[in-house]
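Only this structure's heavy atoms are used, side chains among them; waters, hydrogens and symmetry mates stay out. In what follows, every chain begins at residue 1, and chains take the letters A, B, ... in the order their sequences are listed.
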Amino acid sequence: MARVLLFGPLRDLAGWREKTVEASSLSGLRAALQAQDPLLGEALSGPGVQAAVDKAIVRGEAPLTALTEVAFLPPMSGG
Amino acid sequence: MARVLLFGPLRDLAGWREKTVEASSLSGLRAALQAQDPLLGEALSGPGVQAAVDKAIVRGEAPLTALTEVAFLPPMSGG
Amino acid sequence: MKVVLQSGPFDPGALLTAFTTGRRESGAVVSFTGLARAEGGSTDILELEAYEGFTETAILEMAEAAVKRFHLDDVLVLHRVGPIAPGEAIVFVAAAAAHRREAFEAADQLMDYLKSRAPFWKKSVGPGGARWIEPTARDKTDAERWDQPDPLT
Amino acid sequence: MKVVLQSGPFDPGALLTAFTTGRRESGAVVSFTGLARAEGGSTDILELEAYEGFTETAILEMAEAAVKRFHLDDVLVLHRVGPIAPGEAIVFVAAAAAHRREAFEAADQLMDYLKSRAPFWKKSVGPGGARWIEPTARDKTDAERWDQPDPLT
């Protein structure tokens, strides 16, 4: 289980900003989101989208617990 | 006749900042100042010293009247 | 060194006064204030989204790198989040250094990095609808100027 | 566009607030504040002398050239004259432009020109006596960067 946060255009696409999702790994979380919303699932692996686990960018796999915060960060606008 | 102004180190050298001097041309003024104070006269033709007549830089000769303001500007310090 | 995200308007002058007051060894303070342009009435509310905790850390790393690279005495970054009206200030950066070149380059670099690499998502909302904004090509090439250790010296 | 010589202390923040307020089309305001460094107590009162009427005109010409070259919306230069204590502000320059690169370059250039070419005579007065200050070699080479039409672009 993990608390999932979406930012920027991903939030508009999904229609939510924060959600708790059942998953024990980052890949499992991606699969669960893909199953719930195929368009979002596709966007999450789109160009320039990064995943942050507990506020640190992760490339590849990571284990998740109920306390883990996962954020999907689309390409940044800058300030 | 002209009102003469000295700036920066020239003022320290001469011991005055403003003085009225009898002269009808810039070269005549230089000669009069040289006669009064040879060290100042030499400094006025030193490297980087500019003359301004009525607040405009003059290279060479210029006529002077009683209302003319002549300033001798040593190399600038910048702001 | 301070990095602040703030959701209400701020006064750049008040920040500059506080940042400058009491400095005895800094000869130079450069500030940058970024304002939301009205663009002749065609724009639009900006909405800036940050990832709390993550965005500040990313900017703090940029600020720390600038302090080290440019031998700064101090840096302040204040960035608005949330809705921003035309004419309002979006960002304020100040850099203090012994000499002016370092202060100018540091503020310049920090702004280039903030504009192209800081974790913000920015939406422009107007009569024609809403759109997400990405860094311009110029923002990207401006930032790349600093990716070499010392491109300008 | 405004150029002011002033004999008393000023607050850079108050100037920045006034300069920034009400701008609807400028996206970028860069300010520079130059402070008299205390240098660990070894310095010293600075005494800045200007030639009233002549100095302002020379600075105004620099400011006008910068407005034209960098497409500025506005410029403000305030420069202290007379005695200046350590920690006090000596000079404030602000440049407003549509985009940040122009505002940075304009403030940078104006400072380089002010520091090496503005008609001031500057004396440092301390326990060891008084001495007249000249522009440093770095001040001169910094200023020369801008003598080509567009050295940095």
Enumerate by number any residue of residues 1-15 of chain D whose heavy atoms lie under 4.5 Å from heavy atoms of chain C; in the absence of such residues, state 'none'.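 Within residues 1-15 of chain D, the residues that come under 4.5 Å of chain C (heavy atoms only) are D:Asp11, D:Pro12, D:Gly13, D:Ala14.
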So [Y] and [X], do their side chains get closer than 4.5 Å, heavy atoms only?
{"X": "D:Glu61", "Y": "D:Tyr113", "value": "no"}
{"X": "D:Leu46", "Y": "D:Pro86", "value": "no"}
{"X": "C:Leu60", "Y": "C:Glu64", "value": "yes"}

Does any heavy atom of chain C fall under 4.5 Å from the side chain of D:Phe92, the backbone, both, or neither of them?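 For D:Phe92, the contact with chain C is made by the side chain alone.
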Heavy-atom distances under 4.5 Å only: say whether D:Ala96 touches chain C with side chain, backbone, both or neither.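 Contact with chain C is absent: no heavy atom of D:Ala96 under 4.5 Å.
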When you measure from the side chain of D:Glu56 to the backbone N and O of D:Gly53, does any donor-acceptor pair fall under 3.5 Å? yes
Donor-acceptor contact present, side-chain D:Thr55 to main-chain D:Glu52, <3.5 Å: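 Not at all, since once roles are kept as given, no pair shorter than 3.5 Å links the two residues.
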Could you walk me through whether C:Arg101 and D:Met111 pass side-chain contact (heavy atoms from CB on, under 4.5 Å), step by step? CA-CA 10 Å; C:Arg101 180 112 340 277; D:Met111 277 311 306; over 6 Å; no
Got a second to check how far D:Ile59's CD1 is from D:His79's NE2, nearest 0.5 Å?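 That separation rounds to 6.0 Å.
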Can we say D:Arg23 and D:Asp73 salt-bridge, meaning some charged N sits less than 4.0 Å from an Asp/Glu carboxylate O? no
Any Lys/Arg nitrogen of C:Asp108 or D:Arg100 sitting under 4.0 Å from an Asp/Glu carboxylate oxygen of the other?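 Here C:Asp108 does not pair with D:Arg100 in a salt bridge, since their nearest N and O are not under 4.0 Å apart.
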So if I take each residue of residues 114-123 of chain C and look for any heavy atom under 4.5 Å from a heavy atom in chain D, which residues do I end up with?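 Interface residues of residues 114-123 of chain C: C:Lys115.
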For chain C, which candidate among D:Leu35, D:Ile90, D:Val30 shows the most heavy-atom pairs at distances under 4.5 Å?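 Ranked by heavy-atom pairs under 4.5 Å with chain C, first place is D:Leu35.
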Please determine, among D:Val93, D:Thr33, D:Val91, the option with the most heavy-atom pairs under 4.5 Å with chain C.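 Most heavy-atom pairs under 4.5 Å with chain C: D:Thr33.
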Options C:Ala107, C:Gly34, C:Ala89, C:Ala36, ranked by heavy-atom pairs under 4.5 Å with chain D, top entry: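 Top count of heavy-atom pairs under 4.5 Å with chain D: C:Ala107.
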Chain D contacts, top residue of C:Gly87, C:Ala28, C:Ser31 (heavy-atom pairs, under 4.5 Å): C:Ser31
Check the pair C:Val77 / C:Met62 against side-chain contact (heavy atoms from CB on, under 4.5 Å), numbers first and verdict last. CA-CA 10 Å; C:Val77 176; C:Met62 294 176 188; over 6 Å; no
Assess whether side-chain contact (heavy atoms from CB on, under 4.5 Å) is satisfied between C:Arg80 and C:Leu48, documenting all intermediate values. CA-CA 7 Å; C:Arg80 287 280 299 276; C:Leu48 254 113; 5.9 Å; no
Non-hydrogen atoms of C:Thr21 and C:Thr17 that approach each other most closely: OG1-O, 2.5 Å
